[in-house]
Number of protein chains: 2
Amino acid sequence: MAPPKSSTAKTPDPYRRTRRDHTTETAEDYVEAIDGILTEQGECRVVDLARHFAVSHVTVTRIVARLQEAALVVTERYRPIQLTEKGKKLATASRERHEIVYRFLLAIGIDAATAAIDAEGIEHHVSPRTLKRFGEIARAGQLT
Amino acid sequence: MAPPKSSTAKTPDPYRRTRRDHTTETAEDYVEAIDGILTEQGECRVVDLARHFAVSHVTVTRIVARLQEAALVVTERYRPIQLTEKGKKLATASRERHEIVYRFLLAIGIDAATAAIDAEGIEHHVSPRTLKRFGEIARAGQLT
DNA sequence: TTCAAAGTGTAGCCGTGGCTACATTGTTGT
DNA sequence: ACAACAATGTAGCCACGGCTACACTTTGAA
Ligand SMILES: [Mn+2]
Ligand SMILES: [Mn+2]
Ligand SMILES: [Mn+2]
Ligand SMILES: [Mn+2]
């Protein structure tokens with residue numbers, strides 16, 4: 001019942017996958033946050049993201065610059081941040097996945113506060129297969 | 001049904017928690033791997049860990065040095081790596097948590113290969129409450 | 001015994017995501 | 001109109017986890 005090919009196995013895959021998940025995690029969380037702020041406030045500034053993630057504005061500026069290189073956002077100096085079509089698509093996909101994970105945790109009986117915290121980390125490591133299953137269970141509602 | 005305090009909420013907690021999880025992730029995975037290799041081969045060398053994680057031996061050496069500063073392992077130059085008592089405890093806890101997450105994924109109907117990969121990333125973001133619930137569901141066996 | 005291969009260490013590079021301190025630009029109220 | 005303040009940009013630091021290249025030990029076969 002232990003994970004197949006236990007600790008010493010030549011299984012680079014899981015670790016490489018986890019590392020890759022972490023490299024895309026920032027982009028996903030940022031476009032998701034930008035999308036949400038745009039919806040609720042009409043515009044999204046660097047300072048909004050700094051507050052949202054509880055980091056300095058410098059960290060946000062550098063990350064947003066990379067998002068622009070990745071064609072996920074467009075910005076002009078001293079102007080608010082806009083999402084490209086590509087960015088909007090990624091934001092939508094990220095938000096949907098995030099919500100499925102969150103609702104799944106609620107469905108298996110986790111309290112809302114804990115579910116919100118855990119979902120923020122778990123969401124980036126859920127494969128399409130597992131996400132599908134999470135969605136089914138979430139839709140089925142309460143778990144006996 | 002969306003996560004409470006959606007995107008624009010002043011909720012630094014989840015992101016800070018996720019970041020903190022990532023800082024402890026390396027230590028947990030390493031002591032878990034060292035423990036497994038010690039069990040299966042009697043000794044654990046830098047090169048074993050490099051193979052296990054599919055990284056260079058340099059990366060392993062530097063990380064092991066930090067584990068030693070954290071009193072999780074003991075090493076002498078050119079000698080195999082040993083776990084301290086503290087290291088053994090963390091290894092055991094990490095392995096148990098890892099296996100609960102893995103078996104939970106199997107219980108909800110995920111195939112073994114996918115479960116093994118997803119568990120590697122998910123395990124570090126599961127709070128004690130959620131872990132408890134995962135354990136219950138895993139023990140309950142198949143999910144209708 | 002010796003010496004070649006395997007293992008380990010070290011120097012020095014990169015990208016990412018944190019930070020503080022300071023410079024510059026935009027905006028707004030008086 | 002302009003001064004003060006908020007927002008943004010820039011310089012430069014750190015820790016972490018990757019890497020290559022090269023130097024040094026250990027070890028085992030010949
Ligand atoms: Mn998210
Ligand atoms: Mn997240
Ligand atoms: Mn692990
Ligand atoms: Mn993670």
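A note on names: the letters A, B, ... follow the listed sequences, proteins ahead of strands, and every chain is numbered from 1.
The CZ-P distance, from B:F53 to D:dC19, rounds to 13 Å in whole Å. Residue A:Y78 contributes atom OH, which lies 6 Å from atom P of C:dT25 at whole-angstrom precision. Between the CD atom of A:E43 and the P atom of C:dG26 there is a distance of 14 Å, rounded to whole Å. Taking atom NE2 of A:H57 as the reference point, atom P of C:dT25 lies 15 Å away to the nearest angstrom. Per the geometry, CD belonging to B:Q41 stands 11 Å off P belonging to C:dG7, to the nearest Å. If you take OH of A:Y30 and C1' of C:dG18, they are 10 Å apart, rounded to a whole angstrom. Residue B:E25 contributes atom CD, which lies 15 Å from atom P of D:dC16 at whole-angstrom precision. Spacing between atom CD1 of B:I81 and atom P of C:dG7 amounts to 13 Å, rounded to whole angstrom units.
Backbone-only engagement by A:T26 is indicated by non-hydrogen atom pairs under 4.0 Å involving sugar-phosphate atoms exclusively. At the heavy-atom level, A:V47 lies under 4.0 Å from the strands shown only through sugar-phosphate atoms.
Distance from the side chain of B:R79 is smallest to D:dT26 among C:dC19, C:dT8, D:dT26. When each of C:dT20, C:dT8, D:dG18 is scored by its nearest atom to the side-chain atoms of B:V46, the top-ranked nucleotide is C:dT8. For A:T61, the side-chain atoms get nearest to D:dG9 when compared with the rest of D:dT27, D:dG9, C:dT27.
Side chains of A:T75 and A:Q68: a donor on one and an acceptor on the other come within 3.5 Å.
Contact check on B:K88 versus B:D35 returns no salt bridge, with no Lys/Arg side-chain nitrogen under 4.0 Å from an Asp/Glu carboxylate oxygen.
Taking only side-chain nitrogens and oxygens, B:R62 never comes nearer than 4.0 Å to OP1 or OP2 of D:dC16. For D:dC19, one of the phosphate oxygens OP1 or OP2 lies less than 4.0 angstrom from a side-chain nitrogen or oxygen of B:T59. Phosphate proximity of D:dT25 to B:R77: absent, as no side-chain N or O sits under 4.0 Å from OP1 or OP2. Under 4.0 angstrom from either OP1 or OP2 of D:dC19 there lies at least one side-chain N or O belonging to B:S56.
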Could you go through residues 23-30 of chain A and list every donor-acceptor pair under 3.5 Å that involves a side-chain atom there, pairing it with any protein atom two or more places apart or in another chain?
unit_1: A:T23; atom_1: OG1; unit_2: A:R20; atom_2: O; d: 2.7
unit_1: A:T24; atom_1: OG1; unit_2: A:D21; atom_2: O; d: 3.0
unit_1: A:E28; atom_1: OE1; unit_2: A:R97; atom_2: NH2; d: 2.9
unit_1: A:E28; atom_1: OE1; unit_2: A:H124; atom_2: ND1; d: 2.8
unit_1: A:D29; atom_1: OD1; unit_2: A:H124; atom_2: NE2; d: 3.2
unit_1: A:D29; atom_1: OD2; unit_2: A:H124; atom_2: NE2; d: 3.3

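Each of A:R45 and A:V55 was assigned the nucleotide of DNA chain C with the nearest heavy atom; the assignment lying further toward the 5' end belongs to A:V55.
Considering CZ of B:R95 and CD of B:E123, their distance stands at 12.0 Å, rounded to 0.5 Å.
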Next on the checklist: The test is side chain to side chain contact (heavy atoms under 4.5 Å, CB included); show your working for A:V126 and A:V101 and say whether it passes.
Outcome noted: CA-CA 8 Å; A:V126 171; A:V101 171; 4.2 Å; yes

